[in-house]
Amino acid sequence: MSESRSKQESVSDPKRRNIIVTCFLGISAAITARLWYLQIIKGSDFSIASERNRVREITRPAPRGLVYDRQSRILLSNRLFFDLIIIPQYLQNKTKTLSIVADLFHIPVSLIERKLVESQANPRFVPVRIKRNLSLHEVATLESNKFFLPGVDVDSAPRRDYLGNESAHLFGYLGEVTSKELDILNSQVSNYQYRVGSIIGKAGIERKYERYLRGGEGREALLVDALGRLQADSSMDITINLSRAAQRGNDVYLTIDSELQAVASDAFRNKNGSVCAIDPRNGEILVYLSNPNYKLSMYQDGLTIEDWQTLRANPFKPLLDKVTGGAYPPGSTFKIIVAIAALEEGIITGERKFNCPGYFVLGNGRWKCWKHTGHGAVNLENALKLSCDVFFYNIGNLLGIDRISKWGRLFGLGERTGLDLNMELPGISPSTEWKLRTKGLPWLSGDTINASIGQGFNLCTPIQILNAFAAMGNGGKLFKPHFLKKIVDNQGKIIFEERQTLIREIKLNPANVALIKKGLYDVVHSPEGTAKKARVPGFTVSGKTGTAQTSALKFTKGVNQDDVAFRALDHAWFASYSPSDVPEIAVVVFSEYDGGGGGANAAPIAQQIIEAFWRKKFPEKFAGTSKTAMSSPMTHGVGEDAPPEQDIDVHEEGNETEPVNLPDELR
């Protein structure tokens, strides 16, 4: 019995055997298939992945695109700069080496050590930048001592060349991207993403056209061992395949005229404020200057705490772009707004006259004209020519502030132009609603008198005044100011062209425009005009002088009197365009705390720019005439026997900014 059972147990169950064999064969087939897939199908991919474990990538900065002016002259270029670097992997005898480097390059040892500590999270073969922008002498010094300084070397990188051209507010500076900027920028681009440490434009043209100028960073693949140390043999094909050359950014062509910009910079060198010029036919900006300037190379070399404190402490505010970011009382340049408002609203005609005895009385209030003896009976044309305050007190009082504000806004005052270069203020075009909303006070008649000559609550940026005069000169077309002409890629292909943008076309009576333009012509060309120093022989120039008073600090107690004396000086304005019939250039000069009238201190600067503009276009008309001679005041449109010119405009806008003994019901 037991023998029979033993025989039965020794006999294999065929069904069970088949299942076991099938499972074994299936598993073997699966393993074989997987091995075949991994080694045959994906073998090359995994081989590359394996090699990549031995590869580290480092980025190489890309040269930024070049910036040209309207005549294709280079404004911003690049050149190679040399940096002092330390490669921790090869650094030997650290204490002695750092001491030698500190002595050779005048760098505190503590600063070098701090930079090395901050870079400890990086692989040891990654260079640590110790000092940027070495001089050729410093490069030679390192090369001659390199044998004694293992791990210390020189690296080269393309950067902006600011030599001889530092229009800081126009071009702007470069700096490392912040974490906040990183997220915004990477959401706007799909290729060549920004990373921590990327250099971007922080202001000016560099910021505005960053996406075009930046280019694509290069990539270099290096072989490392298991400890992350750089290997000598980097000749593998994989490093070649992973490497990528840096791609230079696109070139940007601006509307700026570099020759006029240079003339403006030279003429305005010792003044503070701004100079800007525009083509009234399309809004193209020709000149853009803000003083005082600052050195862009400071940011490129590495801005120190001392540099920053010096910039911040400067009372003339070199970091402020005063073309768009400075809002000032427009003074008598604002009178063209009051004039066109009075004509278009039917308040006056060209023949309407007001008597100027040297002052204006409203209730118990008394406002002075700049000419204390008075101008007598004057109409609009003469009021513009002579800059008679009393005339504009009268028509401003008849208009009321809301109609003045309405026409100011039509000409772009009280709103941003949309230039979007640096910070831009909207200015203030005050109204009854504005004062109630911002001050919680009702508008007073005395406020209107002050506003009618560009004082009081009126605040304008130089770019706003420029655009307003350009619109008056072209008959009512208010264009959006812009810098860009075109963007060109590395193959010379135009990838973008800017087109003019018309903000609005102001509906104006041509007869009214002609009347105001005649007055502005007389400002420059009449023997009695306040801007005779703006004349350019052979060409017509129209404009308006202005003196904005800043006398509120005169009697402030407890304030440094030297500072008060400086800040009490008047601002000088001159807004102009040429030629007088169909303007091709408009220029505004704003000279801050200049202490004199616009005709004496601002008009001669505009004259040099306008003369340079016409000299370029018609050089034959200036043959035999030196630039020095051309810069002197000359009569145009009057006979040779005209009386000698006199500077009658030194205090042309010397009105009081607050009424005297104004009754309570008018305050």
Without hydrogens or angle criteria, can the side chains of Ser405 and Ser431 be said to hold a donor-acceptor pair below 3.5 Å? no

Under 4.0 Å between a side-chain nitrogen and a carboxylate oxygen: does that hold for Asp402 and Lys406? no

From NE2 (His525) to CG (Leu520), nearest 0.5 Å: 11.0 Å

Considering all heavy atoms of both residues, which atom of Asn422 and which atom of Ala203 are nearest to each other, and what is their separation? OD1-CB, 3.6 Å

Between Arg207 and Leu421 (side chain of the first, backbone of the second, donor and acceptor by atom type, cut-off under 3.5 Å), is there such a pair? yes

Counting only heavy atoms not in Lys202 (residues, nucleotides, ligands), do more than 12 fall under 6.0 Å from its NZ? yes

Is the distance between the ring centroids of His375 and Phe391 less than 6.0 Å? no

Is any side-chain heavy atom of Thr255 less than 4.5 Å from a side-chain heavy atom of Leu484? no

From CA spacing to verdict: side chain to side chain contact (heavy atoms under 4.5 Å, CB included), Val275, Val588: CA-CA 6 Å; Val275 181; Val588 162; over 6 Å; no

Note: Ser576 and Val541 closest approach over all heavy atoms is CB-CG1, 4.4 Å

Give the ring-plane orientation class for Tyr294 versus His169, where under 30° counts as parallel, over 60° as perpendicular and anything between as tilted. perpendicular

With no hydrogens and no angle check, do the side chains of Thr461 and Thr324 hold a donor and an acceptor under 3.5 Å apart? no

Rounded to the nearest 0.5 Å, how far does CD1 of Ile278 lie from CG of Leu466? 5.0 Å

How far does CG of Leu343 sit from CH2 of Trp407, to the nearest 0.5 angstrom? 9.5 Å

Could you tell me whether the side chain of Ser167 reaches within less than 4.5 Å of the side chain of Gln261, counting heavy atoms only? yes

Is Ser274 reaching over with its side chain to a backbone N or O of Leu289, donor-acceptor style, under 3.5 angstrom? no

Using the rule given for side chain to side chain donor-acceptor pair (under 3.5 Å), can you reason through Thr530 versus Thr545, listing the C-alpha separation, both sets of side-chain angles and the distance that settles it, and then say yes or no? CA-CA 7 Å; Thr530 59; Thr545 55; 2.8 Å; yes

When you measure from the side chain of Asp389 to the backbone of Trp370, do you find a donor-acceptor pair of N or O atoms at a distance under 3.5 Å? yes

Any side-chain heavy atom of Leu254 within less than 4.5 Å of one from Tyr209? yes

Note: Asp279-Arg70 ion pair, threshold 4.0 Å (strictly below): no

Kindly assign one of parallel, tilted or perpendicular to the pair Trp367 and Phe360, based on the angle between their ring planes and the thresholds 30° and 60°. tilted

Nearest-0.5 Å distance that lies between atom CD1 in Ile465 and atom SG in Cys460: 4.0 Å

Contact summary for Ala603 and Phe574, nearest pair of heavy atoms: CA-CD2, 3.6 Å

Check whether any side-chain N or O of Gln607 sits under 3.5 Å from a backbone N or O of Arg535 as a donor-acceptor pair, and report yes or no. yes

Check whether any side-chain heavy atom of His571 lies under 4.5 Å from a side-chain heavy atom of Tyr593, and answer yes or no. yes

Just checking, is any N or O donor in the side chain of Asn509 or Glu344 under 3.5 Å from an acceptor N or O on the other one? no

Looking only at atom types and distance, does a side-chain atom of Lys517 sit under 3.5 Å from a main-chain N or O of Gly473, one as donor and one as acceptor? yes

Sole residue of Lys480, His482, Glu424, Gln464 in side-chain hydrogen bond (donor to acceptor under 3.5 Å, both in side chains) with Thr417: Glu424

Any non-hydrogen side-chain atom of Phe334 less than 4.5 Å from a side-chain atom of Asn458? yes

Checking the side chain of Thr448 only, and the main-chain atoms of Asn397 only, is there a donor and an acceptor separated by less than 3.5 Å? no

Is there any ring pair (Phe, Tyr, Trp, His ring centres under 6.0 Å) pair reaching into residues 447-473, and which pairs are they, with sequence neighbours excluded? Trp434-Phe457, Trp443-Phe457

Determine, step by step, whether Leu478 and Glu505 satisfy the side chain to side chain contact (heavy atoms under 4.5 Å, CB included) criterion, reporting the C-alpha distance in whole Å, the side-chain angles of both residues, the deciding distance to 0.1 Å, and the verdict. CA-CA 6 Å; Leu478 189 72; Glu505 186 164 2; over 6 Å; no

When rounded to the nearest 0.5 angstrom, what distance separates CD in Glu497 from CD1 in Ile487? 10.5 Å

For Val523, is there any backbone N or O sitting under 3.5 Å from a side-chain donor or acceptor partner on Ser526? no

Would you name the heavy atoms of Asn379 and Gly350 that are closest together and state the gap between them? CB-O, 3.5 Å

May I ask you to establish whether Lys486 and Tyr253 are in a cation-pi arrangement, using a distance under 6.0 Å from NZ or CZ to the six-membered ring centre and at most 45° from the ring axis? yes

If you compare all heavy atoms of Asp447 against all heavy atoms of Pro442, which two are closest, and at what distance to 0.1 Å? OD2-O, 4.4 Å

Would one find more than 12 heavy atoms of other residues, nucleotides or ligands at under 6.0 Å from atom CZ of Arg312? no

Tyr393 side chain to Lys368 main-chain N or O, any donor-acceptor pair under 3.5 Å? yes

So, the side chain of Trp573 versus the backbone of Pro329: is there a donor-acceptor pair under 3.5 Å, distance only? yes

Heavy atoms only: give me the nearest Val587-Ala277 pair and the separation to one decimal. CG2-CB, 3.9 Å

Check: Pro280 main-chain N/O paired with Asn474 side-chain donor or acceptor under 3.5 Å: yes

Partner residues of Tyr288 under the ring pair (Phe, Tyr, Trp, His ring centres under 6.0 Å) criterion, sequence neighbours left out: Phe483

Under a 4.5 Å cut-off applied to non-hydrogen side-chain atoms, are Phe590 and Glu592 in contact? yes

Phe411 and Arg409: CA distance, side-chain angles, deciding distance, side chain to side chain contact (heavy atoms under 4.5 Å, CB included) verdict: CA-CA 5 Å; Phe411 277 85; Arg409 287 189 170 275; over 6 Å; no

Enter the distance from Glu181:CD to Glu210:CD here, rounded to the nearest 0.5 Å. 9.5 Å

Student check: side-chain heavy atoms of Ser591 and Phe268 closer than 4.5 Å: yes

Can you find a pair of side-chain heavy atoms, one from Met472 and one from Ile340, that are under 4.5 Å apart? yes

Considering only NZ, NE, NH1 and NH2 on the basic side and carboxylate oxygens on the acidic side, decide whether Lys385 and Glu528 come within less than 4.0 Å. yes

For Ser387 and Lys335, run side chain to side chain contact (heavy atoms under 4.5 Å, CB included): C-alpha distance rounded to whole Å, both residues' side-chain angles, the deciding distance at 0.1 Å, then the answer. CA-CA 8 Å; Ser387 198; Lys335 289 176 180 177; 3.1 Å; yes

Lys616 with Asp257: basic N within carboxylate O range, under 4.0 Å: yes

Counting only heavy atoms not in Arg504 (residues, nucleotides, ligands), do more than 12 fall under 6.0 Å from its CZ? yes

